[in-house]
J.: 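Below: one structure in structure tokens.
Values below: every heavy atom of this structure, side chains too, minus hydrogens, waters and symmetry copies. Positions are given from 1, in the same order as the sequence printed here. Remember, predicted model here, so these are calculated numbers, not experimental data.
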Amino acid sequence: MGRQFLELLAREASAVEFEGPIIEARARGADPATIEELEQAKVEALKVRDLLKRRARREAELSALYDTAGDLAALRDLDAVLEAIVHRARQLLATDVAYMTLHDPEQGDTYMRVTDGSISAKFRALRLAMGAGLGGLVAQTATPYSTADYFADARFRHKHHIDEAVKEEGLVAILGVPLRLGQRVIGVLMAANRSARPFHQEEVSLLASLAAHAAVAIDNARLLQETRNALEELSQAHRTARAHGEAVERAALAHDRMTSLVLRGGGIEDVAAVVTDVLGGSLAVLDDLGRPLTGDVGELDAGVFESAQASRALGRTVRRGDLLIASVDVGGEPLATLILRSDDADERILERAALVCALLLLFRRSVAEAEGRVRGELLDDLISRPGSPGLADRAWRLGVDLSAPHVVVVVRHEGQRERAAFWASSQATLRHGLAAGRAGEVVLLLPGANAGGIAQRVAAELSASLQVPATAGASKVCLPGAPGAGDVAAAYQEARRCAEALIALGRAGDGASAAELGFVGLLVGDGRDVRGFVGRVLGAVIDYDARRGTALADTLAAYFGSGGSPSRTAEAMHIHVNTVTQRLDRIGKLLGDGWLEPERALEIQLALRLHLLGHTSTP
């Protein structure tokens, strides 16, 4: 009898088939004792069958958990691991759908992360507030919940949008367990059926085990990502440190090259050549006034100089478009500005180059100031101590030949005293002259003979440098033969009077010698060059009379003497008025337009009076 039931167990027959041996015994007419024995054997066989089924299911569950643990050990893709866990939950619990929601800390709810067996787009996009529905309640309480009929279960807070999505999916029975990391719930793992069914405790335990694996997978993925991020940050920091080290080394090498150039006597041009050799592009170096010392990067607008000011304030390079600008100041005064046109360059090298150029210019300025003091002391001695011995020898050592023609220029200004003195010293050095700065004026002794032209040039250049009018008076130093220091002192006094006369005449910012001041020059000049004055003002008329035997000069004197009346002039000279008119026309052509204007007429009358008084002969 027992053999029949063993065969049924061996082939995993259904529970109904275990009734077969009893039915056959009754059909054969077996006695009641036999039937009772078969009934007992059937019950024992069904117990064995049930035990075998539970063990098979447990084996499958353990196998699934083992596979899940293997997935975690070889974790590469979090999505793939979570999808595998959800799929196994659906298979092991034999449900229609399985899904997982995760907590969103920003919005404070849970959202669908993975689904398996779902057919509704609305359900896959569902979000559950904490405490809402079965999944929201599990997330809020960290406790498993199950229901054989969700819509008939009053334990859950039903929300319209949740119920709509659940109905669209067709779910009835739902089981949910929390995904926990320590005391924190990070999500919910759920299995659901589209028909009513109860969930047994072993099914709850199985789903909880899978949820624990899922939580571990999520945490491992987080840790792995954090590790990857840390490694990437470390790698990036290493690359940055290496790049920084290379840049520092490159800047140090460039600095050594520039320093070596300076020690060998190199200048701004040499430093600029090193910068363009290392960085490429085109470079311009500007002085304290923004004037280019070397290089060319095209036309510069006001924004470039604002960037240079920002560079000095920040103490680093400033970028403006494709221009890199590094500027250095001393005591708040700009000293050197480097402008590099380049798309990408090492700013440290440009900053070091700016510093080297600034030091070069500062050194040049110091040397110029020292030499300027020596030149200024010599010029002061030529003016105030003309009898001092050795003046010519001191001038010769400075490259100044006092035996050659020179011009003394006195420039009156209201600008920056130090800048004016530095400018004058630079000019004196460049032109092999002397310069001295005094309160409100600078004095120069420059080689040349054209006093008026030199005065005009000095006035224009210093006015541009100071951005305020600078008025220059000049006087030629007359040194017949051997140098005479007294002539420098006399020329200084005359040049100073010329500068004061220009200011009094409202010609501030102009430059002139006594010769260009007209009759005023006769008053301020020491030479009293009457012949030169008469020749410049009236020479054309006097020459005409000498060549033609005419009396234009006499007619002009009579004309001014009669108050400018042609008729009275004709009467005084006993000639016809038409003759007077013709002579005046001729005089106008010889003297040029404007000869009757008040200032010009005054000069003509003065020259005419000196000529007629016999102070000068016909030139």
Side-chain angles (χ1 to χ4, degrees), residues 368 371-372 375-376 378-380 382-383 386 392 395 398-415 419-438 440-480 483-505 507-518 520-529 532-533 536:
E371 184 176 344
R375 291 177 180 273
L378 174 58
L379 183 55
D380 283 338
L382 286 171
I383 294 172
L398 291 173
V400 178
D401 181 8
L402 291 180
S403 64
H406 280 75
V407 171
V408 174
V409 184
V410 175
V411 190
R412 306 298 298 271
H413 64 86
E414 296 180 0
R419 175 169 289 187
F422 179 74
W423 180 90
S425 177
S426 301
Q427 291 293 310
T429 302
L430 290 173
R431 301 180 185 279
H432 303 288
L434 301 175
R438 300 187 176 190
E441 70 178 25
V442 291
V443 184
L444 298 98
L445 178 67
L446 301 175
N450 183 5
I454 293 175
Q456 291 174 1
R457 177 183 58 78
V458 168
E461 293 181 3
L462 185 54
S463 295
S465 177
L466 298 179
Q467 300 299 311
V468 295
T471 308
S475 176
K476 183 178 178 182
V477 180
C478 298
L479 299 174
D487 295 319
V488 175
Y492 164 73
Q493 296 297 334
E494 180 174 321
R496 190 174 186 184
R497 290 194 296 268
C498 288
E500 292 172 349
L502 285 171
I503 295 173
L505 292 171
R507 293 171 58 182
D510 199 356
S513 65
E516 286 77 39
L517 291 177
V520 176
L522 291 178
L523 303 177
V524 300
D526 284 338
R528 301 293 194 273
D529 185 10
F533 172 72
R536 286 192 303 274

J.: Verify side-chain contact (heavy atoms from CB on, under 4.5 Å) between V400 and H406, making sure each step is shown before the conclusion.
T.: CA-CA 10 Å; V400 178; H406 280 75; 3.9 Å; yes
J.: Would you check if Q427 and R457 make a side-chain contact, meaning some heavy-atom pair closer than 4.5 Å?
T.: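 Yes; the side chains approach each other to less than 4.5 Å.
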J.: Could you check L462 against V442 for side-chain contact (heavy atoms from CB on, under 4.5 Å), going step by step and ending with a plain yes or no?
T.: CA-CA 10 Å; L462 185 54; V442 291; 4.1 Å; yes
J.: Check the pair V408, L444 against side-chain contact (heavy atoms from CB on, under 4.5 Å), reporting the backbone distance first and the verdict last.
T.: CA-CA 6 Å; V408 174; L444 298 98; over 6 Å; no
J.: Which atom names give the shortest non-hydrogen contact between A499 and R412, and what distance separates them?
T.: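 That would be CB-CG, 3.8 Å.
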J.: Provide the closest heavy-atom pair for V411 versus V458 in the form atom of the first, atom of the second, distance.
T.: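 Closest approach of V411 to V458, heavy atoms only: CG2-CG1, 3.6 Å.
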J.: Ignoring hydrogens, what is the shortest heavy-atom contact between V409 and A474? Give both atom names and the distance.
T.: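 Closest pair (atom of V409, atom of A474, distance): CG2-CB, 4.1 Å.
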J.: State, with a plain yes or no, whether a side-chain heavy atom of H413 is found less than 4.5 Å away from one of L466.
T.: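 The answer is yes, as the side chains (C-beta and beyond) meet within the 4.5 Å cut-off.
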J.: Where do I454 and G448 come nearest, in terms of heavy atoms and distance?
T.: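 Where I454 meets G448 most closely, the heavy atoms are CD1-CA, 4.1 Å.
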J.: Shortest non-hydrogen contact from A459 to A470?
T.: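 Residues A459 and A470, closest heavy atoms: CB-O, 3.4 Å.
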J.: Mind listing the closest non-hydrogen atom pair of A508 and P469 along with its distance?
T.: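 Shortest heavy-atom separation between A508 and P469 comes out as C-CB, 4.3 Å.
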